[in-house]
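First up is the structure itself, then whatever we jot down about it.
First the proteins, then the strands, lettered A, B, ... as listed; each starts at 1. These numbers come from the heavy atoms of this one structure, side chains and all, not from hydrogens, waters or symmetry mates.
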Number of protein chains: 2
Amino acid sequence: MAEELIRHLQKHIAADAEDARQIVPFFRTVPLQKKEALLAEGQLCRYHYFVAKGCLRMYFVNGKGMEQTIHFAIENWWITDYPAFQHRAAASFHIQAIEPSEVLAIDYASQEDLFREFPQMERYFRLIFQRAYSAAQLRIRYLYDFSREEFYDHFSTHFPEFIQRVPQYLLASYLNMTPEYLSEIRSKKRS
Amino acid sequence: MAEELIRHLQKHIAADAEDARQIVPFFRTVPLQKKEALLAEGQLCRYHYFVAKGCLRMYFVNGKGMEQTIHFAIENWWITDYPAFQHRAAASFHIQAIEPSEVLAIDYASQEDLFREFPQMERYFRLIFQRAYSAAQLRIRYLYDFSREEFYDHFSTHFPEFIQRVPQYLLASYLNMTPEYLSEIRSKKRS
DNA sequence: CGCGACGTTGATTTGCCTCAACGATTGTGG
DNA sequence: CCACAATCGTTGAGGCAAATCAACGTCGCG
């Protein structure tokens with residue numbers, strides 16, 4: 001499953017087969033079943049994860065005990081609770097597999113070692129974070145701008161494959177609305 | 001005003017006086033009056049900005065013609081329309097000074113040159129973006145979780161100095177509510 | 001088959017917006 | 001330095017998007 005990561009690295013930085021051979025051992029492969037948890041709120045967040053295969057979600061539990069999904073991550077995405085990972089602190093999010101998945105995990109110290117031995121990796125992650133922050137900026141704009149219905153329209157035109165891939169109550173939670181209201185919106189569209 | 005940047009660099013990476021002397025010329029100093037625009041929607045977004053002094057805001061104009069503030073940036077923050085900057089495309093946000101300010105600007109090509117000549121700068125920006133993304137992740141959580149009133153409470157306990165520094169209608173716009181409603185919330189607190 | 005998870009529908013409620021009117025404060029030109 | 005305008009903050013009435021609550025149909029799976 002490391003090939004997926006290698007291919008992704010090579011899309012962003014110069015890394016030959018020899019580099020690849022040396023970089024891979026920094027990571028640990030973690031297979032996941034459907035619904036299996038990768039990280040739970042309150043746990044020490046030790047790892048940064050690369051999704052090699054499958055689909056995960058990140059969520060938190062709000063004051064009323066509802067699970068609020070704030071991210072989906074599929075192949076080639078990096079994911080973790082960054083605030084917690086950076087400070088090697090307790091996570092305030094959960095991460096869970098939606099499908100049978102496989103992720104590559106690297107802990108904080110190994111990541112620092114990796115930067116020391118392969119300075120191109122600083123560039124790689126600079127690019128990854130830059131793009132992630134960039135996407136977050138857009139995302140925040142949408143959260144300010146869109147009604148729930150516009151949010152659904154936007155999501156279903158930009159990520160139609162997702163509508164198939166995740167159950168509707170998770171989609172509702174990601175779109176920050178109740179399953180009931182999503183159901184209402186969808187029935188309106190059909191007619 | 002470059003000293004502010006140097007000091008910030010040295011907090012994150014090893015950079016001696018000689019490095020500093022060479023890094024500074026990559027930037028252009030831009031003084032700004034209160035309410036002066038630094039970037040407007042539709043303009044090509046060429047620069048990445050470091051706030052050396054003052055306070056800026058980033059906003060967009062929504063479908064109803066209202067200005068929606070999505071960020072404030074004060075001393076030591078980097079700001080730009082990242083989606084546009086990365087693709088050297090037209091901005092979809094405005095950036096404007098709230099107070100008399102001073103920013104350091106670097107264009108895309110110079111930033112790439114800077115990375116080539118000073119590889120530590122990749123690390124510096126990796127750290128900056130990582131922290132920014134981290135903050136965005138928390139921000140998104142709050143946007144999902146908080147009512148308008150909770151948002152106000154959270155903001156006023158975490159950034160009390162800001163409540164003084166920015167006019168109330170901008171604060172309302174940042175908190176994603178109408179000035180009328182913010183006024184109502186505040187009067188409720190007083191009594 | 002039967003149970004629990006998921007999706008749907010409808011009635012009611014509420015958080016927040018819209019619109020309008022009116023003080024208070026700020027700024028500006030004469 | 002005052003007069004007047006513009007900008008900003010407040011208050012209240014009415015309305016709407018979306019939540020809550022409850023009940024019921026359906027499907028996948030042990």
Side-chain angles (χ1 to χ4, degrees), chain A residues 33-37 55 57 59-70 72 96-100 142-156 162-191, chain B residues 33-37 55 57 59-70 72 96-100 142-156 162-191:
Chain A
Q33 299 173 357
K34 186 172 173 171
K35 302 219 173 181
E36 191 175 343
C55 180
R57 74 175 177 124
Y59 67 95
F60 67 94
V61 179
N62 70 18
K64 293 168 203 141
M66 309 292 297
E67 294 184 359
Q68 290 276 2
T69 303
I70 69 155
F72 292 116
Q96 182 195 44
I98 295 180
E99 307 172 352
Y142 298 146
L143 285 167
Y144 273 74
D145 203 13
F146 287 171
S147 69
R148 303 298 197 259
E149 186 167 356
E150 288 170 327
F151 226 110
Y152 172 75
D153 289 343
H154 182 262
F155 192 81
S156 55
F162 250 83
I163 305 278
Q164 319 294 10
R165 212 163 162 181
V166 311
Q168 199 166 312
Y169 70 98
L170 287 186
L171 182 58
S173 140
Y174 178 76
L175 297 175
N176 199 18
M177 61 175 90
T178 59
E180 292 94 326
Y181 193 57
L182 176 54
S183 180
E184 190 181 326
I185 289 173
R186 287 173 59 104
S187 83
K188 201 169 58 179
K189 306 274 168 199
R190 250 178 279 122
S191 57
Chain B
Q33 299 173 356
K34 187 172 174 171
K35 301 218 175 183
E36 190 174 344
C55 179
R57 73 176 178 123
Y59 68 94
F60 68 94
V61 179
N62 71 16
K64 295 170 202 138
M66 309 292 296
E67 295 183 357
Q68 290 274 3
T69 303
I70 68 157
F72 293 116
Q96 182 195 43
I98 295 179
E99 308 171 351
Y142 298 146
L143 285 167
Y144 272 74
D145 202 13
F146 286 172
S147 68
R148 302 299 198 258
E149 185 167 355
E150 287 169 328
F151 225 112
Y152 171 75
D153 288 343
H154 182 262
F155 192 81
S156 55
F162 249 82
I163 305 278
Q164 320 294 10
R165 210 163 164 181
V166 312
Q168 199 167 313
Y169 70 99
L170 287 186
L171 181 59
S173 142
Y174 177 77
L175 297 175
N176 199 17
M177 62 174 91
T178 58
E180 291 94 328
Y181 194 57
L182 176 55
S183 181
E184 190 181 326
I185 288 173
R186 288 172 59 104
S187 83
K188 201 168 56 179
K189 307 271 168 200
R190 249 177 280 122
S191 56

Touch class at under 4.0 angstrom, heavy-atom based, for B:Lys35 against every strand present: sugar-phosphate
Rounded interatomic separation in angstrom, taking NZ from B:Lys34 and C1' from D:dC8: 12 Å
Non-hydrogen atoms of A:Gln68 and A:Asn176 that approach each other most closely: OE1-OD1, 3.8 Å
Student check: side-chain heavy atoms of B:Ser156 and B:Tyr152 closer than 4.5 Å: yes
Degree of bending in the helix from C:dC1-D:dG30 to C:dG30-D:dC1 once both end axes are built from five pairs, to 10°: 50°
Test item: A:Gln96 and A:Lys35 side chains (from C-beta on) under 4.5 Å apart, heavy atoms: yes
d(NZ, A:Lys189; P, C:dT8) in whole Å: 15 Å
Rounded interatomic separation in angstrom, taking CD from B:Gln168 and P from D:dT11: 11 Å
Whole-Å distance separating the OH atom of B:Tyr169 from the C1' atom of D:dT10: 17 Å
Parallel, tilted or perpendicular, as decided by the 30° and 60° cut-offs, for the rings of B:Phe151 and B:Phe146: perpendicular
d(CD, A:Glu150; C1', D:dA18) in whole Å: 14 Å
Parallel, tilted or perpendicular: ring planes of B:Phe72 versus B:Phe155, cut at 30 and 60 degrees: tilted
Side-chain N,O (B:Arg190) to OP1/OP2 (D:dT10) below 4.0 Å: yes
Heavy-atom side-chain contact between A:Tyr174 and A:Val166 under 4.5 Å: no
Contacts of B:Gln168 that satisfy side-chain contact (heavy atoms from CB on, under 4.5 Å) - sequence neighbours left out: B:Leu182, B:Ser183, B:Arg186
Length of the line joining A:Tyr152:OH and C:dG7:P, which is rounded to integer Å: 12 Å
Other residues, nucleotides, ligands: >12 heavy atoms within 6.0 Å of A:Lys189 NZ: yes
Nucleotide-resolved protein contact map, nucleotides 10-18 of chain C, B/S/- at heavy-atom distance under 4.0 Å: -----SBSB
Distance in angstrom units between A:Asn62 CG and D:dA19 C1', rounded: 13 Å
Between P of D:dA18 and CD of A:Gln68, the distance in whole Å: 15 Å
Step-by-step salt bridge (charged side-chain N to carboxylate O under 4.0 Å, His left out) determination, B:Glu67 to B:Arg57: CA-CA 11 Å; B:Glu67 295 183 357; B:Arg57 73 176 178 123; 2.6 Å; yes
